[in-house]
Amino acid sequence: MARKAAGRPPKETLSLWTREQARLKACVVDRDTEAWQGDPAFSGLQRVGGVDVSFVKGDSVSACASLVVLSYPELKVVYEESRMVSLTAPYVSGFLAFREVPFLADAVRRLQAKEPGLMPQVILVDGNGVLHHRGFGVACHLGVLTGLPCIGVAKKLLHVDGLENNALHKEKIQLLQAGGDSFPLTGSSGTVLGMALRSHDRSTKPLYISVGHKMGLETAVRLTHRCCRFRIPEPVRQVGGHGVWQGGRAPLLPTIFPS
DNA sequence: GCGACAG
DNA sequence: ATCTTGTCGC
């Protein structure tokens, strides 16, 4: 039975959330903190995590919160967990974390309890880090709550601080020739909020990478590129596959299937 | 007033 | 996020 999402929260809630973001933002570390991050080949990096919340068709409350851990550099799944959850907060641009992060942090806690040796050394998060209205997107939020290095990986440019997917931006995208090419996303304030990254040779549409926690931007971009077999980095792509299929059913087998 | 706006 | 058909390319 599909339930309706709550409407836009009252302004009191949004101001509470805004204050919480400001409080936690003070804990963000936006530079490399781990030895492997400075290594050209990331030697010492063995586990990369991915998290995602996927949805049930026609239901804005029921969702599937998933966490995967992949080996590095092989990018093979070594841990996976999915759990059906009931979302309480609605989606509001700029406050995505209040909808998704509690369930993602829970998944990390369960991993810590069950298989602490498989704890990822970094998590790729579907969404932004400091590329955010108040410099504290979902990747920062999860990073601060878990203490783990996190990277924000967004598929669309969040319009913030003057950043816009306009003609000039599209021109810059055209100049990205090969996988790994990138350009800085500089806001009107002069701050570099993130990088647009061509994630592999045959992908036109860039990813928008920003610092989440305990990692510098250049390292975040370099690692994201190393995790891309296709446009979407493997940790995020794999975790999506563990979510709910369209309508909550497995895909139909082909009509003609040689069995 | 209306659309835009990470997921 | 999800709703959807065709279409192009490997």
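Just so it is clear: chains get the letters A, B, ... in the order the sequence lines come, proteins before strands, and each one is counted from 1.
Between A:Tyr91 and B:dG7, a base-stacking contact is recorded: ring centres under 5.5 Å apart, planes less than 30° from parallel.
Residue-level contact check: A:Asp126 touches the backbone only, with heavy atoms under 4.0 Å from sugar-phosphate atoms and none from bases. When heavy atoms are screened at a 4.0 angstrom cut-off, A:Phe95 is found touching base atoms of the nucleic acid. Residue-level contact check: A:Gly152 touches neither bases nor backbone, having no heavy atom under 4.0 Å from any strand.
Rounded to an integer number of Å, the gap from NE2 of A:His159 to P of B:dG3 is 17 Å. Rounded to whole Å, atom P of C:dC10 lies 14 Å from atom CG of A:Asp201. Across the protein-nucleic acid pair, A:Leu131 atom CG and B:dG7 atom P stand 11 Å apart, rounded to whole Å. If you measure from atom CG of A:Leu87 to atom C1' of C:dA1, you get 10 Å, rounded to the nearest angstrom. For A:Asn128 and B:dC5, the CG to C1' distance is 12 Å, given to the nearest whole Å. Here B:dA4 presents its P atom at 11 Å from NZ of A:Lys156, a figure rounded to the nearest Å.
No hydrogens or angles considered: a donor-acceptor pair under 3.5 Å links the side chains of A:Ser189 and A:Asp161.
Ring orientation note: the planes of A:Phe42 and A:Trp36 are nearly perpendicular, at an angle over 60° on the 30°/60° scale.
Sorted by first and then second residue, the ring-ring contact (aromatic ring centres under 6.0 Å, His included) pairs with a member in residues 154-178 of chain A read A:His169-A:Phe183, A:His169-A:Tyr208; sequence neighbours excluded.
Using a cut-off of 4.0 Å between Lys/Arg side-chain N and Asp/Glu carboxylate O, A:Lys155 and A:Asp126 are scored as salt-bridged. Remark: A:Glu81 engages A:Arg110 in a salt bridge, criterion side-chain N to carboxylate O under 4.0 Å.
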Residues A:Thr219, A:Asp32; criterion side-chain hydrogen bond (donor to acceptor under 3.5 Å, both in side chains); working and verdict: CA-CA 8 Å; A:Thr219 304; A:Asp32 289 352; 2.7 Å; yes

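The stretch residues 136-145 of chain A touches DNA chain B through A:Gly137, A:Val138, each having a heavy atom under 4.0 angstrom from the strand.
In this structure, A:Tyr208 does not reach the B:dA6 phosphate: none of its side-chain N or O atoms is under 4.0 Å from OP1 or OP2. Residue A:Lys155 places at least one side-chain N or O closer than 4.0 Å to OP1 or OP2 of C:dA1.
Cation-pi geometry between A:Arg23 and A:Phe136 is not met: the NZ or CZ atom fails to fall both under 6.0 Å from the ring centre and inside 45° of the normal.
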